[in-house]
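Below is one structure; the comments refer to it alone.
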Amino acid sequence: MNRAEAVSYLLRDQPKDPKRDEGVYFAPANIALCKYWGKRNSELNLPYNSSLSISLQQYGAKTMIRPHADRFNRIRLNGQVVDNETSFAQKITAYLALFNMCSVTNYSVDTEINIPVGAGLASSACGFAALAGALGRLYDWELPKSTLSILGRLGSGSASRSFWHGFVEWQAGESADGMDSFGIPLTHLWPELRIGLLIFNTLAKPVSSREAMALTVATSPFYSLWPAKQNADLVRIKEAIATHNFNQLAETAEHNALTMHALMLTATPPILYSLPETLQGMKEVWHCRQRGVPVYFTQDAGPNLKLLFLAKDLPAVLASFPSLQVIAPFEGRDVA
Ligand code: DP6
C-alpha cells in the first residue's frame, strides 16, 4: 500500500466535495520524551517503535484551507506567500495530491506557526496535523481522531501525536498497512510540569530528520540496540507519568535523547545537530542538577534544547537560563 492508497482507503465513506468555504484547525506542537527514530516503512512513516510526547499547549500550527481557483496551490506561512519551488511548499503540495479523490484540485493554505519552522521544534508535526485537520473540517469528514492521526502521520510521523494536548503515545502497530499505527492520548494530567524552550538557532536544519533517520538506520553499527532501549524507556516513562515520579520521567527522557544523538554520531557520514551552545546548555543543566535543582533536557533534530522541570523550580531554572521560554502544558486543562 502506498500513501495515496492509504488515504483513499481511510476516506472511502467520506464526502469528496467541500461542505463549507473553508476548514480551520489548530494542532499543538509536541516534544517527544521517548523518541521516534527509525522507520520500518518509509513510504507510510511507520516506526520500528512506539514513542511518547508532551504537547506544547498553545504553541503549534493553525491552518485555514480553502479551494483555490488556479492551476497551483497558494501556500502562505505566517502571512507570507511561500514560493512553490521551496521544499516546504513542495511537501505540502505532495501531501495535498494524496487527496486527489476529492473534487478540489488546488487549495489556498494559510498556516500560522508560532514556533520556529524547521529547527527541530516540531513544526512539521503540528503543521501536518493542522493540515489534515483543516481538510477534515472543509469536507466535513466524520473521522475518529485515530484516523486523523493516521492521515497526519502520512505527512510526517510525529504529526500522529499532534492531535491531542497532554501526553500522547504513538503506538507503532504491527500491520503492514499501518492502520494500527496512530496516536493515543494518555489521560494523566501533571499540572506542575514545565517545558522550557532554550533556543540557540532558528535556522532550518542542514539535514532533515527524514534523511538523518534513514542514514542512522542504514549505517550506524549500534542501531540494532535502539529498539530494546526505546521499549524499556517507554515503560519507565509511562510508569513515571502514572506515579508522578518527575526524576524518573526526566532522567529517562534525557537519556533517550542522548542515546538518539549518540547513534547519529555513529552514522556514516556522521550527523551532528548540536552547536557549541547546545553543549554549553547541556553542561549548565548538569551543573544545575549538581547544585540540587532537578532540571533535565531533551533534544530533537536541531540544536535547541527543551528543558523539563517542575513549577516549584522555575525561579532557580530561570536564574541559570534567563532567556528560557516557559510552557505549562496542562494549564487550564482538566482533560487532555
Ligand atoms: C527527533 O516526524 O519529523 O523529533 O516522519 O520523516 O517526517 P518524518 O520525521 P519526523 O521525525 C521526528 C523525529 C524527532 C523525534 C520525535 O519527534 O519522536
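Residue numbers run from 1 in the order of the sequence given.
Inspection of the Ser160 and Ser149 side chains reveals no N or O donor paired with an N or O acceptor under 3.5 Å. Side chains of Asp233 and Thr252: no donor on one and acceptor on the other come within 3.5 Å. Side-chain N/O atoms of Glu331 and Gln57 include no donor and acceptor closer than 3.5 Å. Thr278 and Gln299 share no donor-acceptor pair across their side chains, judged by distance under 3.5 Å alone. Lys35 and Thr259 are not linked by any side-chain donor-acceptor pair at a separation below 3.5 angstrom, with hydrogens and angles left out of the test.
Ring planes of His261 and Tyr273: perpendicular class, angle over 60° (limits at 30 and 60°). Below 30°, between 30° and 60°, or above 60°: for Phe330 and Phe167 the angle between ring planes is between 30° and 60°, a tilted geometry. Note: Phe99 and Tyr95 have perpendicular aromatic rings, judged against thresholds of 30 and 60 degrees for the angle between ring planes.
Around CD of Gln90, the count of heavy atoms belonging to other residues, nucleotides or ligands within 6.0 Å exceeds 12. Residue Arg71 places its CZ atom among 12 or fewer non-hydrogen atoms of other residues, nucleotides or ligands, all under 6.0 Å distant. Within a 6.0 Å radius of NZ in Lys62, no more than 12 heavy atoms belonging to other residues, nucleotides or ligands are found. Counting non-hydrogen atoms of other residues, nucleotides and ligands closer than 6.0 Å to NE2 of His68 gives a total above 12.
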Walk me through it: do Glu239 and Asn245 pass the test side chain to side chain contact (heavy atoms under 4.5 Å, CB included)?
-> CA-CA 8 Å; Glu239 186 185 87; Asn245 183 337; over 6 Å; no
Under the side chain to side chain contact (heavy atoms under 4.5 Å, CB included) criterion, do Trp190 and Leu249 qualify, and how do the steps go?
-> CA-CA 12 Å; Trp190 199 335; Leu249 173 90; 4.0 Å; yes
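The two residues Leu310 and Arg194 have their closest heavy-atom pair at C-CG, 4.2 Å. Here the shortest heavy-atom pairing between Ile113 and Ser123 reads CD1-O, 4.2 Å. Between Val295 and Val285, the shortest heavy-atom contact is O-CG1, 3.3 Å. Pairing each heavy atom of Leu215 with each of Ala267, the nearest pair is O-CB, 4.1 Å. The two residues Ala132 and Phe163 come nearest to each other via the heavy atoms CB-CZ, 4.3 Å. Between His165 and Ser55 the shortest heavy-atom distance is CA-CB, 3.8 Å.
Under the salt bridge (Lys or Arg N to Asp or Glu O under 4.0 Å) criterion, Glu284 pairs with Arg291, sequence neighbours left out.
Atom CD1 of residue Ile65 and atom CG of residue Leu135 lie 4.0 Å apart, to the nearest 0.5 angstrom. For the atom pair CG of Asp313 and CG of Leu308, the computed distance is 12.0 Å after rounding to the nearest 0.5 Å. One distance of note links CD1 of Ile31 with CG of Asn304; it measures 9.5 Å at 0.5 Å rounding. Atom-to-atom distance recorded for Gln171:CD and Phe182:CZ is 5.0 Å, nearest 0.5 angstrom. Between the OG atom in Ser320 and the CG atom in Leu198 there is a gap of 10.5 Å [rounded to 0.5 Å]. A distance of 9.5 Å separates CZ of Phe321 from CZ of Phe309, quoted to the nearest 0.5 Å.
Between Asp140 and Arg20 there is a salt bridge, with a side-chain nitrogen of the basic residue lying less than 4.0 Å from a carboxylate oxygen of the acidic one.
Tyr223 and Leu258 fall into different hydrophobic clusters, where Ile, Leu, Val, Met, Phe, Trp and Tyr are joined by side-chain heavy atoms under 4.5 Å apart, directly or via other members.
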Identify each donor-acceptor pair in which a side-chain atom of residues 81-88 lies under 3.5 Å from a protein atom, sequence neighbours left out, and give them as a table.
{"unit_1": "Asp83", "atom_1": "OD1", "unit_2": "Glu85", "atom_2": "N", "d": "2.8"}
{"unit_1": "Asn84", "atom_1": "ND2", "unit_2": "Asn73", "atom_2": "O", "d": "3.3"}
{"unit_1": "Thr86", "atom_1": "OG1", "unit_2": "Asp83", "atom_2": "O", "d": "2.8"}
{"unit_1": "Thr86", "atom_1": "OG1", "unit_2": "Ala89", "atom_2": "N", "d": "3.2"}

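Under a 3.5 Å cut-off, the side chain of Asn45 and the backbone N or O of Arg153 do form a donor-acceptor pair.
Using a 4.5 Å heavy-atom cutoff, the side chains of Asn30 and Val168 are not in contact.
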